[in-house]
Amino acid sequence: MHIQMDAMAKARSLAKLTARLVNEAVSFVAFCVLDLLDFVLCFVFKAMDLLMDSECKPCYCSPTKGAITSSGKILVSEHGGESTTKIVSLSSANKLQLEDISDTLYSRPSLVSEVSRLTLNELKRLKLDEALLLQNKKNGSSATTTTTTTTTTIVEMIQGKIIDNNSVTRWSDCDCKFCTSWISSSSPPTGNDNSKATLFVKAQGPSRGTTREDVLFIHGFISSSSFWTETLFPNFSTAARSSYRLFAVDLLGFGQSPKPSDSLYTLSEHLEMIERSVLESHKVKSFHIVAHSLGCILALALAVKHPHSVKSLTLLAPPYYPVPKGIAQATQYVMRKVAPRRVWPPMKFGASLVCWYEHITRVICLLICKNHRLWEFLTKLITRNRVRTFLLEGFFCHTHNAAWHTLHNIICGTAGKIGTYLDIIRENVNCKVTIFHGKDDEVIPIECSYDVQKRIPRAKVRIIDNKDHITIVVGRQKAFARELEEIWGTTKY
């Protein structure tokens with residue numbers, strides 16, 4: 001009997017090892033092909049942009065690199081060479097914006113180059129450092145210099161040099177009335193001046209004089225305010241509706257909110273738009289936050305920025321990936337955790353496509369987002385209009401530029417900041433923290449929620465059986481509405 005059990009255990013181990021090796025081998029071939037396809041699509045889109053918009057749109061495939069120094073100046077080296085080195089100056093505000101940009105946008109090596117990694121990149125970095133030192137000596141500076149690698153594409157976008165003067169949308173983006181409603185409803189931002197633009201905000205509740213508290217709802221990646229307004233808002237009790245003002249926003253670049261083509265969709269931009277559109281416009285002083293997935297990162301940042309105003313945080317599937325000590329590039333570590341470049345399981349394959357391939361994802365947006373009205377019509381036709389399409393609207397109504405930059409600058413770019421945010425919130429004992437996670441969630445692992453709890457021991461984690469990344473709200477909205485009311489009602493004021 002024991003011999004048979006040992007044989008079965010060995011057979012299972014061998015089967016798992018074989019499956020893992022097959023997955024790795026197939027993944028290597030598949031992603032090598034995708035690397036090549038993305039390279040080809042780069043030239044295809046440059047030609048199409050020139051034909052349709054009369055100019056080539058910038059992308060992150062350019063070998064042009066640069067570095068920002070502690071003085072706020074940028075040393076740009078074309079094609080890694082020293083002969084074309086030039087200095088570009090940035091203001092202190094632009095420097096801060098550059099620091100918000102994730103290096104995963106422009107540092108996504110192909111699978112082949114990663115496997116056969118040599119010392120070429122290190123040599124180029126050393127040459128760049130030497131050039132910086134020479135420049136500092138010429139300026140008579142002996143202070144220590146910190147550098148961050150970047151690209152001239154980003155530098156020029158921050159300086160406002162890359163501005164689409166012909167239209168506010170690219171030819172590959174949807175131009176329907178719903179997706180461009182922000183253009184007619186408010187003055188569209190031009191260049192890098194978004195000071196007049198505001199987000200689309202769905203508000204519900206009593207007037208400011210009779211309200212008890214305010215609640216801000218922040219949706220996740222490629223979603224919209226409908227995730228909350230079509231599920232939770234109709235299911236709150238009469239008492240809650242008369243006591244709380246509820247605000248659900250479409251994040252910058254999503255739903256009916258502005259989608260500026262020259263924005264880099266950094267953490268600072270997202271936070272500033274939320275503050276301007278909700279906190280300032282509606283005179284919100286004290287509030288609770290309910291956030292899902294990527295929105296949890298924005299919620300944490302808001303709680304740190306407004307420690308005396310945020311009364312409670314309710315986080316659904318927070319994407320927190322602790323970075324082990326000794327890891328120099330936290331952003332790269334998190335990107336590989338989220339998108340490990342494997343064909344199995346399917347969810348990881350999808351995440352890998354979205355994270356690693358700028359031009360393949362633009363094709364996907366072209367086919368799906370630009371033609372979202374067709375897909376919504378087909379869905380209603382096939383289901384005989386029995387399925388509400390608010391989730392599809394949230395999924396489709398964004399631009400590639402917004403999704404690409406938000407994913408990298410928020411999910412990956414904040415990798416080195418979230419731990420600090422959690423530590424600050426831990427010290428703010430007046431902020432109640434509750435975490436919900438679906439047991440069947442294949443997008444964000446449950447361990448992420450428990451890792452948040454490790455940083456904030458007082459946080460309560462609730463694992464919901466038989467629910468995934470979406471059905472943790474959709475399908476149980478009545479129960480979740482009651483849970484939220486309980487959280488808000490027991491929060492100390």
Side-chain angles (χ1 to χ4, degrees), residues 34-62 104-106 108 151 153-154 156-157 161-184 188-192 194 197 200 221-224 250-265 269 350-379 392-410:
L34 290 172
D35 286 338
L36 178 61
L37 176 59
D38 200 63
F39 176 77
V40 173
L41 286 174
C42 175
F43 294 97
V44 172
F45 275 117
K46 286 186 183 297
M48 290 299 295
D49 288 341
L50 187 61
L51 177 65
M52 303 296 291
D53 290 339
S54 301
E55 63 175 335
C56 289
K57 303 295 182 180
C59 68
Y60 294 101
C61 298
S62 171
T104 57
L105 279 168
Y106 49 83
R108 289 169 285 106
T151 65
T153 297
I154 291 176
E156 291 173 354
M157 288 183 77
K161 293 180 180 178
I162 299 176
I163 302 174
D164 190 350
N165 293 317
N166 298 322
S167 64
V168 293
T169 59
R170 298 192 293 189
W171 66 270
S172 55
D173 296 329
C174 181
D175 58 355
C176 73
K177 290 183 179 180
F178 182 86
C179 292
T180 58
S181 59
W182 59 277
I183 300 174
S184 57
T190 57
N192 284 330
N194 298 330
F200 174 82
F221 185 58
I222 52 176
S223 185
S224 72
D250 283 348
L251 292 177
L252 182 67
F254 298 88
Q256 298 182 67
S257 284
K259 306 173 182 67
S261 59
D262 62 324
S263 173
L264 289 168
Y265 296 90
E269 289 177 281
S352 299
L353 275 180
V354 171
C355 282
W356 286 91
Y357 299 107
E358 179 180 3
H359 304 291
I360 291 177
T361 51
R362 190 176 174 188
V363 170
I364 296 173
C365 283
L366 173 62
L367 296 176
I368 297 179
C369 298
K370 187 175 178 64
N371 300 290
H372 70 90
R373 290 162 294 181
L374 172 62
W375 297 113
E376 291 168 12
F377 169 77
L378 291 176
T379 300
L392 295 179
E393 292 172 357
F395 182 79
F396 291 145
C397 296
H398 63 271
T399 64
H400 173 259
N401 184 57
W404 178 255
H405 285 91
T406 297
L407 173 64
H408 283 275
N409 286 332
I410 305 302

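Predicted model only: the values in this text are computed from it and were never measured.
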Return the set of residues passing side chain to side chain donor-acceptor pair (under 3.5 Å) with [X] (not counting sequence neighbours), or none when no residue passes.
{"X": "Ser352", "value": "none"}
{"X": "Asp38", "value": "none"}
{"X": "Asn409", "value": "none"}
{"X": "Thr104", "value": "Ser102, His408"}

Gap separating the [atom1] atom of [X] from the [atom2] atom of [Y], nearest 0.5 angstrom:
{"X": "Glu269", "Y": "Leu264", "atom1": "CD", "atom2": "CG", "value": "6.0 Å"}
{"X": "Leu105", "Y": "Tyr265", "atom1": "CG", "atom2": "OH", "value": "13.0 Å"}
{"X": "Asp49", "Y": "Cys56", "atom1": "CG", "atom2": "SG", "value": "6.5 Å"}
{"X": "Leu50", "Y": "Glu55", "atom1": "CG", "atom2": "CD", "value": "9.0 Å"}
{"X": "Met52", "Y": "Trp171", "atom1": "CE", "atom2": "CH2", "value": "6.5 Å"}
{"X": "Trp404", "Y": "Thr399", "atom1": "CH2", "atom2": "OG1", "value": "13.5 Å"}

Side-chain ([X]) to main-chain ([Y]) donor-acceptor, under 3.5 angstrom:
{"X": "Lys259", "Y": "Ser257", "answer": "yes"}
{"X": "Glu358", "Y": "Tyr60", "answer": "yes"}
{"X": "Asn401", "Y": "Ser261", "answer": "yes"}

Going by side-chain contact (heavy atoms from CB on, under 4.5 Å), name the residues that satisfy it together with Phe39, two or more places apart in sequence or in a different chain.
Phe43
Any residue meeting side-chain contact (heavy atoms from CB on, under 4.5 Å) with Leu41, in chain and number order, not counting sequence neighbours:
Leu37, Phe45, His359, Ile360, Val363
Phe395 atom CZ: more than 12 heavy-atom contacts under 6.0 Å
no
Is there a ring pair (Phe, Tyr, Trp, His ring centres under 6.0 Å) between Phe221 and His398 once you walk through the steps?
CA-CA 10 Å; Phe221 185 58; His398 63 271; 7.1 Å; no
In Ser224, Ser223, Cys397, the residue satisfying side chain to side chain contact (heavy atoms under 4.5 Å, CB included) with Asp250 is Ser224
Taking side chain as C-beta onward, heavy atoms only, is [X] less than 4.5 Å from [Y]?
{"X": "Leu392", "Y": "Trp375", "value": "no"}
{"X": "Phe178", "Y": "Gln256", "value": "yes"}
{"X": "Arg362", "Y": "Cys59", "value": "no"}
{"X": "Asp35", "Y": "Tyr357", "value": "yes"}

Can Arg108 and Cys355 be said to form a side chain to side chain contact (heavy atoms under 4.5 Å, CB included), step by step?
CA-CA 9 Å; Arg108 289 169 285 106; Cys355 282; over 6 Å; no
Which pair of non-hydrogen atoms, one from Leu353 and one from Thr361, has the smallest distance, and what is that distance?
O-CG2, 3.3 Å
For Cys369 versus Cys174, what's the shortest heavy-atom pair and its separation?
O-CB, 3.7 Å
Evaluate the criterion side chain to side chain contact (heavy atoms under 4.5 Å, CB included) for residue pair His400 and Ser172; output intermediate values, then yes/no.
CA-CA 9 Å; His400 173 259; Ser172 55; 6.0 Å; no
